[in-house]
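Have a look at the structure below, then the notes.
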Amino acid sequence: MRGRPAGFVVRVRVHIFVLGLAVGAVACARGTGPDQTLDHYGVALKNHDFGAAYDLMSSGFRVKVSREDYVRTMRDNAREVNETAERLRGKKGSMEVSAEFEYGLGDTMRLIQEDGQWRIATYPLGFYDQSTPKAALRSFIRAYRLERWEVMLRFVPNSYREKMSAEKMKAQFTGPSREQMENLINTLEANVDEPITERGNDARMSYGDRYTVQFLKEDGAWKLKDLD
């Protein structure tokens, strides 16, 4: 079976570690690298030129925070601003430039620069993550799309597991109810980023007009108790 085309969005992040303080990425000014941009930001803070500092922020940040709100907040926290400027001026820590991209069902891959070359830093073998309810849902959908019926058994709660097998799982999703199951999975995939409420070892996610996914955590892994 084939899922949706998997486009991806690239998001580049620069992390500067200064005196033990992780400073989030600021947008690079044209013609400058991350270190120079950080220097410009520190100087702008020192001079209380908050308009110039705001211009160095990313477009994503500027969408969420207006120039007026940014300037007002900076002016209301002068001591914190001055301390940040001083720390940036004396930075002696190491710099790590990294890039992260999203693909498929919200999967991410992180890369870092080593000796001028980009290397993959994400553990690449966790195809069927069950560490969170959302990860379990995405993994379940991936297993279905790839027809990995034996893998789908991992998401069956223990109380039902002894009654299931890979063959029974395949029959459930490809038998007479195949079209209904396909529509269900398509709806789940379209709503995979809906909020999930966790309470201890139970979790729920509402999706569509009237459906709810129920999750259960067993042996440290999240499983799918009910899909509708």
Side-chain angles (χ1 to χ4, degrees), residues 6-124 126 129 131-135 137-138 191-199 203 205-206:
F8 62 86
V9 178
V10 177
R11 298 184 300 175
V12 177
R13 297 176 178 174
V14 179
H15 299 282
I16 312 294
F17 295 94
V18 183
L19 302 178
L21 174 68
V23 180
V26 292
C28 295
R30 183 173 299 178
T32 66
D35 193 40
Q36 291 89 343
T37 298
L38 196 64
D39 286 338
H40 295 329
Y41 186 72
V43 170
L45 293 185
K46 180 178 182 298
N47 295 333
H48 287 196
D49 188 355
F50 301 131
Y54 182 82
D55 289 338
L56 291 170
M57 304 306 295
S58 70
S59 58
F61 176 86
R62 296 198 300 270
V63 167
K64 298 176 181 178
V65 180
S66 70
R67 180 183 295 270
E68 292 74 16
D69 287 342
Y70 176 87
V71 171
R72 185 187 313 112
T73 300
M74 289 299 193
R75 285 176 177 168
D76 290 344
N77 294 274
R79 293 180 62 184
E80 289 78 5
V81 168
N82 291 337
E83 181 190 24
T84 300
E86 284 300 314
R87 290 194 176 197
L88 292 179
R89 285 182 60 196
K91 65 183 186 299
K92 296 180 180 178
S94 61
M95 177 184 295
E96 179 185 277
V97 180
S98 65
E100 181 179 275
F101 64 89
E102 296 181 356
Y103 63 99
L105 291 172
D107 298 290
T108 61
M109 188 73 75
R110 180 171 172 266
L111 298 91
I112 62 173
Q113 278 192 335
E114 292 182 345
D115 300 324
Q117 300 292 324
W118 285 101
R119 307 291 184 187
I120 295 173
T122 299
Y123 181 71
D129 184 10
S131 61
T132 67
K134 182 169 291 187
L137 180 59
R138 288 171 172 164
N191 293 274
V192 72
D193 289 320
E194 289 295 317
I196 296 176
T197 302
E198 292 185 41
R199 292 183 178 178
M205 184 192 85
S206 297

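Just so you know, these numbers use all the heavy atoms, side chains as well, and skip hydrogens, waters and symmetry mates.
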From [X] [atom1] over to [Y] [atom2], what is the distance, rounded to the nearest 0.5 angstrom?
{"X": "Met74", "Y": "Glu80", "atom1": "CE", "atom2": "CD", "answer": "10.5 Å"}
{"X": "Leu111", "Y": "Gln117", "atom1": "CG", "atom2": "CD", "answer": "12.0 Å"}
{"X": "Leu88", "Y": "Leu38", "atom1": "CG", "atom2": "CG", "answer": "5.0 Å"}
{"X": "Arg138", "Y": "Asp129", "atom1": "CZ", "atom2": "CG", "answer": "10.0 Å"}
{"X": "Met109", "Y": "Glu102", "atom1": "CE", "atom2": "CD", "answer": "12.5 Å"}
{"X": "Arg67", "Y": "Met57", "atom1": "CZ", "atom2": "CE", "answer": "12.0 Å"}

Indicate the atoms forming the closest heavy-atom contact of [X] with [Y], along with that distance.
{"X": "Ala203", "Y": "Glu198", "answer": "CB-CG, 3.9 Å"}
{"X": "Val71", "Y": "Gly51", "answer": "CG2-N, 4.4 Å"}
{"X": "Thr108", "Y": "Thr122", "answer": "O-CG2, 4.0 Å"}
{"X": "Phe50", "Y": "Tyr70", "answer": "O-CE2, 3.4 Å"}
{"X": "Ala44", "Y": "Ala52", "answer": "CB-CB, 4.3 Å"}
{"X": "Pro195", "Y": "Met205", "answer": "O-CG, 3.5 Å"}

With Asp69 via salt bridge (Lys or Arg N to Asp or Glu O under 4.0 Å) - residues at least two apart =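 By the salt bridge (Lys or Arg N to Asp or Glu O under 4.0 Å) rule, Asp69 matches Arg72.
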Does Val43 reach the side chain of Asp39, with side-chain heavy atoms less than 4.5 Å apart?
->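 They are not in contact (no side-chain heavy atoms under 4.5 Å apart), so the answer is no.
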Can you tell if the side chain of Asp193 reaches within under 4.5 Å of the side chain of Lys134, non-hydrogen atoms only?
->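 They are in contact (side-chain heavy atoms under 4.5 Å apart), so the answer is yes.
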Go through the steps for Glu83 and Arg87 under the test salt bridge (Lys or Arg N to Asp or Glu O under 4.0 Å), then give the verdict.
-> CA-CA 6 Å; Glu83 181 190 24; Arg87 290 194 176 197; 3.4 Å; yes
